[in-house]
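As structure tokens, the structure follows; a few thoughts come after it.
Basis for what follows: all heavy atoms, side chains included, without hydrogens, waters or symmetry-related copies. We're numbering straight along the sequence, starting at 1.
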Amino acid sequence: MKETNVSNPVGFILVGFSDQPQLETVLLLIISVLYILTLIGNISIILVSYLTPKLHTPMYFFLSNLSTLDLCFTTSIVPQMLWNLKGPEKTITYIGCVIQLYIALGLGSTECILLTVMAYDRFNAICRPLHYGIIMHTKFLWQLAAMTWVSGFVVSTVQTILVFQLPFCGHHRVDDFLCEETALIKIACVDTTFLENEIAIASVLYVVIPMALILVSYGCIVRNVLKIKSAESRKRAFGTCGSHMIVVFLFFATVLSVYIQPKSEHTQNHSQFLTLFYTVVTPTLNPLIYTLRNRDVKGALKRLLFSQSR
């Protein structure tokens with residue numbers, strides 16, 4: 001009979017890649033560098049969007065929200081991960097695990113909705129240009145942003161409460177490098193069918209439907225862009241939307257692989273690497289993608305850097 005603990009455990013052991021110490025050393029170095037780049041890149045996007053009047057537009061308003069989200073997302077996970085990677089201690093306190101799951105789930109869900117809102121903004125800018133200023137007015141932007149953040153943390157609140165009402169097995173060994181929902185469910189000593197079904201429903205609402213809406217939006221955008229006679233205007237439109245589509249693909253492809261794909265189709269290590277990608281790598285790539293593919297951001301960055309150096 002399995003040992004259970006129906007009371008709050010002292011903490012959890014995050015197994016992660018502990019069976020591969022050499023890999024942990026490599027990951028410690030790589031993740032440290034990526035985290036620094038994430039901080040620099042996303043803070044730069046926020047500052048440039050705020051300090052450059054030309055970028056006070058709906059697109060950069062939402063881009064600043066995305067950068068803020070990525071900063072919070074990685075900071076809720078990476079410091080604890082680095083601490084565990086550098087030594088034999090792989091533990092996290094019970095309260096720390098609750099907080100990490102709540103924040104990571106909330107921000108992950110928020111990003112799904114935010115990317116959808118950003119696609120809606122591009123749809124209005126390209127498909128309804130004459131009404132764009134009327135539709136995407138300042139008050140509506142703040143309402144959309146508030147709705148996005150609140151909706152993300154509503155589902156996080158529900159999921160976190162449900163997960164931590166479960167009685168966990170006595171070993172408290174989480175087969176992941178963070179307090180991830182599906183990994184925590186695996187160490188529960190009761191039937192978790194209800195919670196697994198609830199996760200499936202949440203995945204449809206926060207992953208599948210937003211992704212479908214984004215694809216529909218960009219289908220309309222492509223159709224309208226192809227009607228533009230000016231080659232330069234078409235190139236500019238595809239460049240702006242292309243950045244967003246790359247970010248969407250990187251984020252949703254990995255999230256779908258982790259939460260939707262049947263677990264029998266990949267090993268646990270594979271799943272952990274996918275989780276590592278969307279929690280660490282994607283937030284690093286987002287500012288690079290938007291900066292390298294966007295002349296306005298590159299120009300604003302150069303002007304700010306040169307003005308500071310004088």
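- Separating the CZ atom in Arg173 from the CD1 atom in Ile187 is a distance of 10.5 Å, to the nearest 0.5 Å.
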Exercise answer: donor-acceptor pairs, residues 136-143 side-chain atoms, under 3.5 Å, sequence neighbours excluded:
| residue | atom | partner | partner atom | Å |
| --- | --- | --- | --- | --- |
| His137 | ND1 | Lys139 | N | 3.4 |
| His137 | ND1 | Phe140 | N | 3.2 |

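- Contact check for Leu276 versus Phe177: side-chain heavy atoms found under the 4.5 Å cut-off.
- The closest side-chain heavy-atom distance from Thr116 to Cys112 is not below 4.5 Å.
- Pairing each heavy atom of Thr254 with each of Phe277, the nearest pair is CG2-CD2, 3.3 Å.
- Residue pairs meeting the disulfide (SG to SG under 2.5 Å) criterion with at least one member in residues 52-106, sequence neighbours excluded, are Cys97-Cys179.
- Put simply, the side chain of Leu115 reaches to within 4.5 Å of the side chain of Phe252, judged on heavy atoms.
- Counting all heavy atoms, side chain and backbone alike, Pro129 lies closest to Ile126 at CD-O, 3.6 Å.
- A continuous path of hydrophobic side-chain contacts links Leu82 to Tyr278 [ILVMFWY only; heavy atoms under 4.5 Å].
- Checked by atom type and distance alone, the side chain of Ser151 pairs as donor or acceptor with a backbone atom of Thr148 at under 3.5 Å.
- Side-chain contact check for Leu101 versus Phe164: some heavy-atom pair is nearer than 4.5 Å.
- Tracing side-chain contacts under 4.5 Å through hydrophobic residues (I, L, V, M, F, W, Y), one reaches Ile95 starting from Leu184; they form part of the same cluster.
- Residues Tyr102 and Thr157 come closest through the heavy atom pair CE1-OG1, 3.3 Å.
- Rounded to the nearest 0.5 angstrom, Ser64 OG and His56 NE2 are separated by 8.5 Å.
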Side-chain donor-acceptor distances from residues 33-45 under 3.5 Å, at least two apart:
| residue | atom | partner | partner atom | Å |
| --- | --- | --- | --- | --- |
| Tyr35 | OH | Thr75 | OG1 | 3.0 |
| Thr38 | OG1 | Leu34 | O | 2.8 |
| Thr38 | OG1 | Thr284 | OG1 | 2.6 |
| Asn42 | OD1 | Ser67 | OG | 3.3 |
| Asn42 | ND2 | Thr38 | O | 2.9 |
| Asn42 | ND2 | Pro283 | O | 3.1 |
| Ser44 | OG | Ile40 | O | 2.6 |

Task: side chain to side chain contact (heavy atoms under 4.5 Å, CB included) between Asp175 and Lys186, worked out - done: CA-CA 9 Å; Asp175 196 10; Lys186 287 180 182 178; 5.7 Å; no
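- Taking 4.5 Å as the limit, some side-chain heavy atom of Glu24 sits within range of a side-chain heavy atom of Leu85.
- Residue pairs meeting the ring-ring contact (aromatic ring centres under 6.0 Å, His included) criterion with at least one member in residues 107-135, sequence neighbours excluded, do not occur.
- Among all heavy-atom pairs drawn from Gly96 and Thr93, the shortest one is N-OG1, 2.9 Å.
- Taking the side-chain hydrogen bond (donor to acceptor under 3.5 Å, both in side chains) definition, one finds that Thr275 meets it with nothing, sequence neighbours left out.
- Rounding to the nearest 0.5 Å gives a distance of 5.5 Å between CH2 of Trp149 and CG of Leu107.
- A continuous path of Ile, Leu, Val, Met, Phe, Trp and Tyr side chains, each step under 4.5 Å between heavy atoms, connects Val281 with Val248, placing both in one hydrophobic cluster.
- Without hydrogens or angle criteria, Gln80 side chain to Thr91 main chain gives a donor-acceptor distance under 3.5 Å.
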Open item on the list: The test is side chain to side chain contact (heavy atoms under 4.5 Å, CB included); show your working for Glu180 and Val174 and say whether it passes.
Closed with: CA-CA 8 Å; Glu180 200 265 335; Val174 180; over 6 Å; no
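- Within the model, atoms CG of Leu178 and CD1 of Ile77 stand 5.0 Å from one another, a figure rounded to the nearest 0.5 Å.
- Residues Trp83 and Ile99 fall into different hydrophobic clusters, defined by Ile, Leu, Val, Met, Phe, Trp and Tyr side chains chained together at heavy-atom separations under 4.5 Å.
- A continuous path of Ile, Leu, Val, Met, Phe, Trp and Tyr side chains, each step under 4.5 Å between heavy atoms, connects Leu47 with Met59, placing both in one hydrophobic cluster.
- Ser49 places no side-chain N or O within donor-acceptor distance of the main-chain N or O of Ile46, the cut-off being under 3.5 Å.
- With a 4.5 Å cut-off on side-chain heavy atoms, Met118 and Asn65 do not count as touching.
- Ser109 places no side-chain N or O within 3.5 Å of a backbone atom of Gly106 that could act as its donor or acceptor partner.
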For a quick test of your reading: what N or O donor-acceptor pairs under 3.5 Å do the side chains of residues 207-226 make, sequence neighbours left out?
| residue | atom | partner | partner atom | Å |
| --- | --- | --- | --- | --- |
| Ser217 | OG | Leu213 | O | 2.9 |
| Tyr218 | OH | His244 | ND1 | 2.6 |
| Asn224 | ND2 | Cys220 | O | 2.8 |

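- Here the side chain of Lys90 pairs no donor or acceptor atom with the backbone of Leu14 at under 3.5 angstrom.
- Going from atom CZ of Phe251 over to atom CG of Leu285 covers 13.5 Å, rounded to the nearest 0.5 Å.
- Once rounded to the nearest 0.5 Å, the distance linking CD1 of Ile185 with CZ of Phe168 reads 9.0 Å.
- Side-chain contact between Leu195 and Glu198: present, with at least one pair of heavy atoms (C-beta onward) separated by less than 4.5 Å.
- At least one side-chain heavy atom of Glu181 sits less than 4.5 Å from a side-chain heavy atom of Val163.
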